[in-house]
Amino acid sequence: MPELPEVQTVVNELKTSVTFQWIKSVDVLRESIVVNRIKEFRKNVRSRQIKAVQRIGKYIVFTLDDKLWMVAHLKMTGKFIVKNKNTTRHAHDRVVFQLGTNNKLIFNDSRCFGRIELTTDLHNLPGIKKLGWDPWDDNLTPENFKRKIEHRKIPIKTLLLDQTIISGIGNIYASEILFDSMLNPTTSAQVLTKKQISRLISSTRSILRSALKYNGTSISDYRRVDEKKGSFQNFLKVYGKSERLCPICESNIVKIRQSQRSTFYCPNCQQ
DNA sequence: AGCGGAACCTGTCGGC
DNA sequence: TGCCGACAGGTTCCGC
């Protein structure tokens, strides 16, 4: 499900629904979701107050104390849902936090790729430590970007999925961003000109900002904290549109396979 | 170091 | 109807 716009939507909604709430207890229904030893996790989360919620890359970070954070990653199908505490258990509920109010915070994940980890050293968590620029980082300039990728031979589409370069882009928005910047997804990263990179960066920002405005893209699994859908799926121009027509030139959108993921693009507009 | 492919786990959909 | 393979908003690990 989740790329930056989806994760940021969830974080925004968690901020209003669970900040300052106390965690009374935790039920771990699927142990593989929790990275820490379960006993230790339950003990250290119990009786903590959620002081803040933030997004770092595609990670959701709950601040529980000065030196204690609960870090979650939704991977493909993870969701955070807030419901009344009397709600019955639902299929794929994996971790349930009983809150001090009438609510519970549920981590639901059909595929069980998602992870929740308690840490005392947030910025040295392996996943977080390696993250590249946030899309809106002032240091993400065409010059810096070019320098960072000038020895990378992989296709630009594949490079956009590399969280150690820019963090937050996933498979849907990579295709949309490349269409918006009129770049061919198969182009080797190292041959891009400064001008093309400049376009790529502004498209990245505008596509992600727009997707965030519509609360993300709900094609199949992704849901908001209140289980509503995002609506950016109504504005996708190429992702999932193979055999449909390009909105600019009306030639056929094509689907190809790059490093085991689908890519959609217009071979005519994206040279 | 960088790259491609397998692995993690579960559900759905299309073809035969 | 039923089975089987392909595929799914992600990341990590392994071998070359």
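Residue numbering restarts at 1 for every chain, and letters A, B, ... go by the order of the sequence lines.
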Starting from [atom2] on [N], measure out to [atom1] on [X] and report it in whole angstrom.
X: L4(A); N: dG10(C); atom1: CG; atom2: C1'; value: 14 Å
X: K79(A); N: dA8(C); atom1: NZ; atom2: C1'; value: 12 Å
X: N171(A); N: dG10(C); atom1: CG; atom2: P; value: 6 Å
X: I128(A); N: dT12(C); atom1: CD1; atom2: C1'; value: 16 Å
X: E3(A); N: dT11(C); atom1: CD; atom2: P; value: 9 Å
X: L160(A); N: dT11(C); atom1: CG; atom2: P; value: 13 Å
X: R261(A); N: dA8(C); atom1: CZ; atom2: C1'; value: 8 Å

Handout entry: Distance-only side-chain donor-acceptor flag, T164(A) / D162(A), under 3.5 Å
Key =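 There is such a pair between these side chains.
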Between [N] and [M], how far is it from one [atom1] atom to the other, in whole Å?
N: dG2(C); M: dC9(B); atom1: P; answer: 28 Å
N: dT10(B); M: dT1(C); atom1: C1'; answer: 23 Å
N: dA8(C); M: dC3(B); atom1: P; answer: 23 Å

Provide the closest heavy-atom pair for [X] versus [Y] in the form atom of the first, atom of the second, distance.
X: P135(A); Y: L208(A); value: CG-CD1, 3.7 Å
X: N171(A); Y: L161(A); value: N-CD2, 3.6 Å
X: T217(A); Y: L236(A); value: CG2-CD1, 4.0 Å

Problem - Student check: side-chain heavy atoms of H73(A) and F113(A) closer than 4.5 Å - result: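 With C-beta onward as the side chain, the pair stays apart.
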Handout entry: Along DNA chain B (nearest heavy atom to each residue), the more 5'-positioned of Q260(A) and K153(A)
Key =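 Of the two residues, K153(A) wins.
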Using a 4.0 Å heavy-atom cut-off, does [X] contact any base of the nucleic acid, only the sugar-phosphate backbone, or nothing at all?
X: I154(A); result: sugar-phosphate
X: G127(A); result: sugar-phosphate
X: S262(A); result: sugar-phosphate
X: S110(A); result: sugar-phosphate

Handout entry: Members of residues 111-120 of chain A that approach DNA chain B, where some heavy atom sits under 4.0 Å away
Key =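 Correct list: R111(A), F113(A).
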Would you tabulate the side-chain donor-acceptor contacts of residues 252-259 of chain A under 3.5 Å, counting partners in other chains and residues two or more places apart, or write 'none'?
from: R257(A); atom 1: NH1; to: S262(A); atom 2: OG; distance (Å): 3.2
from: R257(A); atom 1: NH2; to: Q260(A); atom 2: O; distance (Å): 2.8
from: Q258(A); atom 1: OE1; to: T263(A); atom 2: OG1; distance (Å): 2.6
from: Q258(A); atom 1: NE2; to: P185(A); atom 2: O; distance (Å): 3.2
from: S259(A); atom 1: OG; to: T158(A); atom 2: OG1; distance (Å): 3.2

Practice task
Anything under 4.0 Å to a heavy atom of chain A counts; send over the first and last such nucleotide of DNA chain B, read 5' to 3'.
Solution key: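 Both ends considered, the range comes out as dG2(B) to dG11(B).
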Fill in the blank from the handout: DNA chain B in dot-bracket form (Watson-Crick or G-U pairs under 3.5 Å, [ ] crossing, | inter-strand) is .|||||||.|||||||
Practice task
Could you work out the complete set of other residues in the hydrophobic cluster of F20(A), with links drawn between I, L, V, M, F, W and Y side chains under 4.5 Å apart?
Solution key: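 The other cluster members (ILVMFWY side chains, heavy atoms under 4.5 Å, direct or chained): none.
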Handout entry: Carboxylate-amine/guanidinium proximity below 4.0 Å for D221(A) and R111(A)
Key =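 Between R111(A) and D221(A) there is no salt bridge, as every charged N stays at least 4.0 Å from the carboxylate O atoms.
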Exercise for the section: Using a strict cut-off of less than 4.0 Å between a Lys/Arg side-chain nitrogen and an Asp/Glu carboxylate oxygen, indicate whether E176(A) and K237(A) qualify as a salt bridge. Expected result: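 No, no charged N to carboxylate O under 4.0 Å.
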Problem - Summary of ring-ring contact (aromatic ring centres under 6.0 Å, His included) pairs that have at least one residue in residues 241-271 of chain A, sequence neighbours excluded - result: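 Residue pairs with at least one partner in residues 241-271 of chain A: Y239(A)-F264(A).
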Problem - F62(A)-F80(A) aromatic ring centre distance below 6.0 Å - result: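 That pair passes the under 6.0 Å test.
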Problem - Under-4.0 Å side-chain N/O to phosphate OP1/OP2 contact, Q163(A) with dT11(C) - result: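 So the side chain of Q163(A) is within the cut-off, an N or O lying under 4.0 Å from OP1 or OP2 of dT11(C).
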Handout entry: Residues, nucleotides or ligands: over 12 heavy atoms within 6.0 Å of K213(A) NZ
Key =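 For K213(A), atom NZ is not crowded (no more than 12 foreign heavy atoms under 6.0 Å).
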